[in-house]
Protein chains: 2
Amino acid sequence: MELPTWCEAEDWCPITVTSQLLGRKWHPVIIHRLLQKPMGFNELKRESNGISAKVLTESLEDLRKKKIIERSEMDDNAVRYNLTDTGKSLEPLINSMAEWGAENADKL
Amino acid sequence: MELPTWCEAEDWCPITVTSQLLGRKWHPVIIHRLLQKPMGFNELKRESNGISAKVLTESLEDLRKKKIIERSEMDDNAVRYNLTDTGKSLEPLINSMAEWGAENADKL
DNA sequence: CGGCATCCACATGGATACTG
DNA sequence: CAGTATCCATGTGGATGCCG
């Protein structure tokens, strides 16, 4: 199957789509955390070392707009964020990124 | 083998290393182009639809500092940029990004 | 060809404080 | 717990023109 990996127009190529999703500082971290298990706002904040509430809010909003994650309120009013199917489909990519980063961090 | 995919300190995790490399708007595109073949400045500029000379200069500089690409001057004074081994090791990641982007661009 | 110099606009993120 | 509201600093990229 031929996939259009090349840019097909000014300012648009498949790579860039992914890059602009995973290039936001905290997005890949958030997705990585949610791959372990669904979490609430504050747990997610704790698990993402150093993110501010503001940026977490913005990131979650962006990821929701892009249908990568879902927000649901439980019966006890607790909030849960979890990945959509689209979000889960990023798992191999996220893992590859973590692996590449672990192996090459010292070389950069 | 256990790889440290998790953040090990404030402001540092393997995922973030990769994300900050591939998250710059044109970096993945440049790497993708150079995976096809080595190129000079202007050819690379033409092949990356829409990048400005300034940003291309900055990107190449950053990628060089990170040992992802190399710059060499040929005997005829022509310039060639090509990937280092570290840069080439990004190929599967770049391809996965292009693939994911092609498959999910419409859903975002 | 292979850039550099400017200037400018906006995106992104950090810090801090406050709220129901 | 789950956020909002401000303010501010820097990052990042675009446009344009010039140069050897």
Side-chain angles (χ1 to χ4, degrees), chain A residues 7 9-13 15-17 19-31 33-34 37-66 68-82 108, chain B residues 7 9-13 15-17 19-31 33-34 37-66 68-82 108:
Chain A
C7 288
E10 285 276 321
D11 260 24
W12 191 87
C13 34
I15 293 183
T16 304
V17 170
S19 161
Q20 281 174 3
L21 173 67
L22 299 181
R24 296 285 299 274
K25 184 163 181 185
W26 295 100
H27 284 204
V29 175
I30 293 169
I31 296 168
R33 298 319 181 246
L34 293 179
K37 60 168 182 179
M39 285 179 221
F41 186 90
N42 283 298
E43 188 178 3
L44 200 43
K45 185 169 183 313
R46 275 192 307 276
E47 297 293 329
S48 312
N49 298 299
I51 192 171
S52 72
K54 182 201 146 203
V55 173
L56 180 53
T57 302
E58 287 170 355
S59 300
L60 291 172
E61 203 174 331
D62 185 49
L63 289 169
R64 254 195 331 146
K65 260 190 303 202
K66 294 176 174 159
I68 303 298
I69 63 172
E70 276 171 352
R71 193 193 111 119
S72 38
E73 276 186 56
M74 320 306 279
D75 291 342
D76 58 346
N77 292 324
V79 172
R80 305 262 98 192
Y81 289 97
N82 57 328
L108 306 185
Chain B
C7 289
E10 285 274 321
D11 258 25
W12 193 85
C13 34
I15 294 184
T16 303
V17 171
S19 160
Q20 282 174 3
L21 173 67
L22 299 180
R24 297 285 299 277
K25 184 163 179 184
W26 295 99
H27 284 203
V29 175
I30 292 168
I31 296 167
R33 295 324 179 242
L34 293 180
K37 59 168 182 178
M39 283 180 224
F41 187 90
N42 283 296
E43 187 177 4
L44 200 44
K45 185 171 185 310
R46 275 192 308 276
E47 297 294 328
S48 312
N49 299 298
I51 193 173
S52 72
K54 182 201 147 202
V55 174
L56 180 53
T57 302
E58 287 170 357
S59 300
L60 292 173
E61 203 174 332
D62 185 49
L63 289 169
R64 265 216 299 165
K65 261 190 303 204
K66 293 176 174 158
I68 304 297
I69 64 172
E70 275 171 351
R71 194 194 111 121
S72 37
E73 277 186 56
M74 318 308 277
D75 291 341
D76 58 346
N77 292 323
V79 172
R80 305 262 98 193
Y81 289 97
N82 57 327
L108 307 185

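These values consider heavy atoms only, across backbone and side chains, with no hydrogens, waters or symmetry-generated copies. Each chain gets a letter, A, B and so on, in the order the sequences are listed, and its residues count up from 1.
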- Task: Check whether any side-chain nitrogen or oxygen of B:Tyr81 sits under 4.0 Å from OP1 or OP2 of C:dC1, and answer yes or no.
- Result: no
- Distance check: side-chain N/O of B:Ser52 vs OP1/OP2 of D:dG13, anything under 4.0 Å? no
Which nucleotide in [options] has an atom nearest any side-chain atom of [X]:
X: B:Val55; options: D:dA2, C:dG14, D:dG14; value: D:dG14
X: A:Thr57; options: D:dG3, D:dA2, D:dG14; value: D:dG3
X: B:Lys25; options: D:dG14, C:dC1, C:dC4; value: D:dG14
X: B:Arg71; options: D:dA15, C:dG13, C:dG2; value: C:dG2
X: A:Asn42; options: D:dG3, C:dG3, D:dC1; value: D:dC1
X: B:Phe41; options: C:dG13, C:dG2, D:dT4; value: C:dG2

Output the rounded distance in Å from [atom1] ([X]) to [atom2] ([N]).
X: B:Ile69; N: C:dG2; atom1: CD1; atom2: P; result: 13 Å
X: B:Arg24; N: C:dG13; atom1: CZ; atom2: C1'; result: 15 Å
X: B:Glu61; N: C:dG2; atom1: CD; atom2: P; result: 17 Å
X: A:Leu56; N: C:dG13; atom1: CG; atom2: P; result: 12 Å
X: B:Gln20; N: D:dG11; atom1: CD; atom2: C1'; result: 11 Å
X: B:Glu58; N: C:dG2; atom1: CD; atom2: P; result: 19 Å
X: B:Lys54; N: D:dC18; atom1: NZ; atom2: C1'; result: 16 Å
X: B:Leu22; N: D:dT12; atom1: CG; atom2: P; result: 14 Å

- Message: For a quick check of understanding: with a heavy-atom distance under 4.0 Å over all strands, which category does A:Arg80 fall into, base, sugar-phosphate or nothing?
- Response: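 Counting heavy atoms under 4.0 Å across all strands, no contact is made by A:Arg80.
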- Query: Does B:Lys37 pair with B:Glu43 as a salt bridge, N-O distance under 4.0 Å?
  - Reply: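 Answer for the salt bridge query: yes.
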- salt_bridge(B:Lys66, B:Glu61) N-O dist < 4.0 Å: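 No, B:Lys66 and B:Glu61 are not salt-bridged.
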For the side chain of [X] and the backbone of [Y], is there at least one donor-acceptor N/O pair under 3.5 Å apart?
X: A:Ser19; Y: B:Leu22; value: yes
X: B:Ser59; Y: B:His27; value: no
X: A:Ser48; Y: A:Ile51; value: no

